[in-house]
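Reckoned from all heavy atoms, side chains included, excluding hydrogens, waters and symmetry mates. First the proteins, then the strands, lettered A, B, ... as listed; each starts at 1.
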Amino acid sequence: MILPSLILILIVGGIASWIVARRSEVVARLIAVASVLADLFVCFGIWVAYLGQSHSTPERWFVECDFAWIPQFGIRIHLAIDGLSLALLLLTYFLGIMAVLSSWTEIRERVGFFHFNLLWVLAGITGVFLAVDLFVFYLFWELMLVPMYFLIGIWGHERRIYAATKFFLFTQLSGLLILVAIITLAVLHHQSTGVFTFDFEQLLHTALSPRAARLLMLGFLVAFLVKLPAFPFHTWLPDAHTEAPTAGSVILAGLLLKTGAYGLIRFVLPLFPGPSRELAPILMTIGVIGILYGAVLAVGQTDLKRLVAYTSVSHMGFVLLGVFAGNEIALEGAVVQMISHGISTGALFILAGLLQERMHTREISAMGGLWETMPALSGAGLVFAMASLGLPGLGDFVGEFLVLLGAYRANVPLTVVATLGLLVATLYGLRFAQSAFQGPNPHHWKLPDMRLREWAVLGLMMMCLVWIGLYPQPVLNGVRPSLAAAAKCIPAGNCQEIKR
Amino acid sequence: MNDGLHLWLIPVLPLVGFVLNGLLGRRSPKALVSTIALVFSAAPFLLVLHVYTSFSALSLPYIERHTSWIATSTFHADFAFALDQLTLVMLLVVTGVGFLIHIYSVGYMAHEEGYWRFFAYLNLFMFFMLTLVLAENFLLMFVGWEGVGLASYLLIGFYFKKHSAVRAGMKAFVVNRIGDFGFLLAMFLLIIHFGTLSFIEVGSQIAQHPDWHGGVLTAIALLLVLGATGKSAQIPLYVWLPDAMEGPTPVSALIHAATMVTAGVYMVVRTHALFDRAPLALSVVAVIGAATAFFAATVGILQTDIKRVLAYSTISQLGYMFLACGAAAYSAAIFHLVTHAFFKALLFLAAGSVIHAVGGEQDMRLMGGLRRYIPVTFWTMTMAVFAISAFPPFAGFFSKDAILAEVFRSPNGGPLLWTVGIVTAAITSFYMFRLWYMTFFGHLRLQRETTHHVTLPVGLDDELLATGHSTNGQHAHGQPHGHGIHESPRSMLIPLVLLAVLSVAGGWIGIPHSLGGSDRFARFLDPVTHGTGVPASFEQVSIAMRTGAPIPTTEPPSKLEDPQTERMLSGCSVLAALLGLLLADTLYRRKPQLPARMAAGSRAIYGLVVNKYWIDEIYGFLIVKPLLIISRYILWGGVDRGIIGGGGRVLAGGTQGVGAVLRRIQSGNIRSYAGWLAIGAAAILLLAFFGFGAHIHMGVR
């Protein structure tokens with residue numbers, strides 16, 4: 001019962017903090033922190049129990065929970081956790097706490113409802129990372145959406161309605177595709193075996209004709225690519241990220257994008273190995289286009305948050321490249337990249353939020369020379385900009401290095417082009433750090449430096465990035481068994497054969 | 001394994017200094033900040049000395065392996081440090097010169113805002129540089145490699161309120177990263193073809209396969225060369241170094257002269273096993289080196305900013321080191337690296353002392369006659385000028401001579417590249433003595449107001465502005481020292497004197513056979529630079545190093561076929577240096593009106609050289625501008641908002657009604673949100689079951 005309680009804590013915590021907020025907003029905030037912290041501790045306990053002792057875990061799942069829900073259709077509440085889900089859940093709760101803390105002073109209206117939405121999004125994300133039953137997975141996939149829509153639409157910035165609507169439409173429509181694909185898959189499974197089930201592990205063995213497999217894969221793929229986001233589907237992201245309140249941006253960039261990548265690794269690769277193999281070169285190319293496209297666009301932005309948003313497109317391109325490179329190294333790199341991107345980009349959004357809270361603008365041209373008045377905040381900005389441009393010793397470098405190394409085995413020219421992305425990353429990273437913090441201070445800003453709470457948030461994130469950058473082994477060891485299963489789906493070297 | 005050396009402490013100690021000063025420095029008194037910085041830069045120097053004394057007892061290469069960093073199924077990279085003769089030499093240079101420059105900075109930076117920041121960055125640099133030098137594998141070296149780039153970026157942009165400083169920092173970082181792109185790709189190739197990133201394992205695999213030649217090895221070597229040209233400011237990536245002079249002068253001395261910029265040379269020597277099997281790459285290195293040496297020297301002739309002259313001379317001297325690497329004369333390259341570290345650090349520090357003395361002025365046209373005011377600076381700088389111009393018996397003579405002799409003999413070099421080298425030597429001597437005469441001789445061209453504020457002579461500032469030079473130097477040095485020209489404090493002079501001694505005598509560790517020496521330096525490095533490494537001979541060498549006794553020739557006698565030729569080559573070097581001196585003497589002491597007339601006589605060439613061949617402008621036009629235009633107007637304005645975003649808008653527009661409904665939701669009261677949430681969830685469920693049902697029918701049919 002551990003796993004459902006992870007979700008229940010958040011759902012109940014959300015309702016509680018909504019109710020309590022009428023009397024005390026601080027208590028509501030504390031309830032929110034406490035419920036996410038509780039989940040974090042539970043996951044940490046699982047980590048210690050299952051990964052601390054031995055490196056090889058013979059069972060597929062560390063903890064599993066499975067009971068019937070709608071037996072007529074074989075829908076079961078089947079939740080399970082392995083290294084991959086665990087790593088992403090730890091990230092979820094870590095960023096969840098950071099999100100609550102970073103909106104402590106930013107959000108002053110409808111505090112209770114804000115935290116209700118925040119916790120419910122986290123509940124949805126938890127469910128996505130845990131669900132093994134595809135129907136349940138879909139429910140949680142949709143559950144993430146509505147509260148996120150409110151977060152953007154109510155507490156967002158100037159063009160929030162437009163951004164929220166765009167976000168909702170894109171994800172909702174692509175979500176429908178996934179629903180159709182899931183149901184068709186179940187039906188096909190029923191046709192061939194006579195058993196109705198939505199259980200992922202049983203559906204794995206469904207016999208599919210190549211054509212059916214390809215169509216079904218596309219259903220899943222589009223939904224996940226929109227969420228990721230991959231190149232032509234990314235257009236909702238800059239608007240949503242820019243207009244969302246800080247906590248919303250952190251959760252969008254840090255977690256929601258990861259559900260797309262998670263879906264690719266967890267479901268698309270194992271369910272549709274054949275089409276994945278066929279499409280791998282195309283998808284890797286899309287990834288590389290995303291890397292360069294996002295990076296080049298980030299360089300030219302004049303809105304600080306939009307700049308960070310486009311860096312996300314670039315970074316998630318690395319993830320897509322890694323997922324379809326067809327070897328374990330690239331996959332491991334993709335997961336490390338997911339985690340460290342969550343932290344580094346989350347931190348950049350928090351920084352942008354801190355600046356906006358103080359200056360009431362996101363325009364880069366209105367900034368400059370802030371180092372003079374806020375040395376600590378500017379120093380932190382520099383550190384996270386360095387992480388974002390892939391400085392070795394910080395988390396993003398490990399992820400990008402492994403992805404590129406793995407991709408190099410699969411496709412040399414694409415990897416060379418992708419590596420150029422790191423070069424452009426230098427430009428946007430420095431643009432972030434310099435235009436805001438360095439140079440003269442033409443507008444004579446005099447602003448308060450970071451407060452203790454803000455220090456704590458960014459300091460913790462910094463420590464995590466250094467930790468992943470210098471000692472990624474726990475993460476790599478933790479996710480390796482889950483990835484080994486996924487990597488087998490595109491046998492190593494397969495892309496090479498296709499390319500050559 | 002000999003425990004107890006604790007190599008890891010050497011880089012980590014400065015890191016501790018960085019963390020202490022970085023976190024606490026802002027609120028600490030200056031004395032505490034400088035004490036911390038000095039202690040944590042002296043400690044690694046003492047440790048290196050300790051390593052040096054116990055060196056002969058070690059079995060080399062000595063590896064110290066700590067935890068694993070990245071381990072995957074196919075490769076692993078550890079936190080591991082390696083020590084051999086090459087490492088030891090580099091460690092001595094980096095910690096020794098580094099410590100001296102820390103001392104100097106205490107005096108130089110005494111009146112600066114952000115004192116603590118400067119020392120924190122300086123210690124951070126030491127950490128990364130020592131990591132780079134000690135790394136046992138490519139990936140750990142890459143940490144140091146990018147890290148020194150970061151430290152350099154921070155220090156160039158130390159005066160962050162100045163636009164030009166910030167821009168120079170960005171340029172340095174970006175150009176360095178172009179080089180790092182090559183380094184990264186080289187690592188991918190290494191992992192795929194060697195399965196390891198360890199220097200030693202790569203070297204031994206190559207040694208085991210005498211038949212491996214060219215091909216992948218050439219590709220790896222060329223990619224590494226790309227990395228090296230970035231870090232060591234060689235053509236085509238040299239453009240960042242002159243701008244890097246925006247940083248405080250001690251930084252120019254430490255990072256942009258003595259240590260960081262030599263990292264490319266160090267890397268080529270460290271990986272020379274690869275280069276030895278890739279003759280094409282070696283030729284490329286040699287040509288790049290010779291071309292850079294010559295090209296930068298010509299630019300140096302007409303620069304008027306004292307630090308920029310030194311910057312171009314650094315590029316030029318690094319070119320010599322590259323030329324040596326290309327001729328497979330690795331020990332000569334490292335020899336020149338060492339002596340260059342001494343005399344170039346001295347040149348910069350002395351230039352800093354000059355700048356300090358004249359209140360922040362950097363334009364040599366406004367100096368002159370300073371030898372009377374700042375005698376210690378004058379004499380120490382004189383040593384350095386003679387050293388870089390390669391007069392015997394100064395340090396630069398022996399190392400430059402070793403390079404030129406090897407280039408002459410090498411199949412990758414030959415008389416042509418040797419000629420380039422010797423001509424460059426003459427030019428070097430010329431522009432260094434030009435600097436010497438303009439700064440210290442003649443009469444002072446600075447004018448001072450009665451209030452003792454240093455200002456420009458009337459009329460000159462227009463000309464200066466026209467040529468684009470900053471007129472007031474880099475910072476507020478003028479204000480606290482408004483009392484006129486003065487010698488620097490002792491904390492600055494002591495490092496100058498020590499470095500002057502090294503600039504004179506530093507070359508004596510490698511006097512060649514042809515001049516009656518025993519070529520000890522090359523022999524010491526032999527086990528590393530000759531790859532296969534004969535540990536048996538090393539002990540004898542190291543004993544000889546300390547006793548000074550001749551080394552029993554267990555090694556094959558080095559390629560000294562003809563001491564006669566070699567002596568003749570040395571003679572040519574001396575002649576070239578003399579020629580440069582005489583020319584400078586004529587133009588800048590005896591007939592000072594001549595240069596202007598010559599410039600007027602050949603406007604075209606003069607304009608070309610004075611504007612540094614317009615390379616910066618060409619790069620800006622070809623690369624920087626197009627990128628911004630593509631980003632802002634084509635991709636962002638056109639594609640992203642027009643085409644892709646247009647698709648999105650069509651989608652959004654088609655469902656305008658939905659949007660209107662959603663807007664209404666938003667404007668409602670809080671309670672209705674919960675209702676909408678519930679309705680949404682129910683709708684999804686219904687939709688799911690409805691869709692589901694339809695499919696069942698389909699399935700049954």
Q: Once rounded to the nearest 0.5 Å, what's the spacing between atom CZ of A:F196 and atom CD of A:Q72?
A: 11.0 Å
Q: Quick check, are the ring centers of A:H234 and A:Y293 under 6.0 angstrom apart?
A: yes
Q: So which part of A:L145 gets closer than 4.5 Å to some heavy atom of chain B, the side chain, the backbone, both or neither?
A: neither
Q: Let me know if B:R26 has heavy atoms under 4.5 Å from chain A in its side chain, its backbone, both or neither.
A: side chain
Q: Determine the minimum heavy-atom distance between A:G406 and A:N327, stating which atoms define it.
A: O-ND2, 3.0 Å
Q: Measuring heavy-atom distances to chain B, does A:L402 have an atom under 4.5 Å in its side chain, in its backbone, in both, or in neither?
A: side chain
Q: Can you tell which part of A:L420 gets under 4.5 Å to a heavy atom of chain B, answering side chain, backbone, both or neither?
A: both
Q: Using the ring pair (Phe, Tyr, Trp, His ring centres under 6.0 Å) rule, take B:F18 and B:Y121 through it: C-alpha gap first, then chi angles, then the decisive distance, then the call.
A: CA-CA 7 Å; B:F18 161 71; B:Y121 292 166; 7.4 Å; no
Q: With a 4.5 angstrom heavy-atom cut-off, could you sort out which part of A:V336 is near chain B: side chain, backbone, both or neither?
A: neither
Q: Measuring heavy-atom distances to chain B, does A:L405 have an atom under 4.5 Å in its side chain, in its backbone, in both, or in neither?
A: both
Q: Do the side chains of B:T67 and B:D78 get nearer than 4.5 Å, heavy atoms only?
A: no
Q: Return all side-chain donor-acceptor pairs below 3.5 angstrom for residues 174-181 of chain A, not counting sequence neighbours, or 'none' if the list is empty.
A:
residue	atom	partner	partner atom	Å
A:S174	OG	A:F170	O	2.9
A:S174	OG	A:T171	O	3.0

Q: Would you mind checking which part of B:L184 comes under 4.5 Å of any heavy atom in chain A, side chain (CB onward), backbone (N, CA, C, O), both or neither?
A: side chain
Q: Top residue by heavy-atom pair count (under 4.5 Å) with chain B, among A:G112, A:G369, A:A376, A:P375?
A: A:P375
Q: Taking side chain as everything from C-beta outward and backbone as N, CA, C, O, which of these in B:S164 sits under 4.5 Å from a heavy atom of chain A? Side chain, backbone, both or neither.
A: neither
Q: Tell me which of these, A:L470, A:L476, A:L391, has more heavy-atom pairs under 4.5 Å with chain B than the rest.
A: A:L470
Q: Looking at B:H163, B:E113, B:M187, B:R117, which has the largest count of heavy-atom pairs under 4.5 Å with chain A?
A: B:H163
Q: Mind checking what makes salt bridge (Lys or Arg N to Asp or Glu O under 4.0 Å) contact with A:E332, not counting sequence neighbours?
A: A:R480
Q: Based on non-hydrogen pairs under 4.5 Å, which of A:F397, A:Y471, A:F437 is most in contact with chain B?
A: A:F397
Q: What about B:F142 and B:F183, are their ring centers closer than 6.0 Å?
A: yes
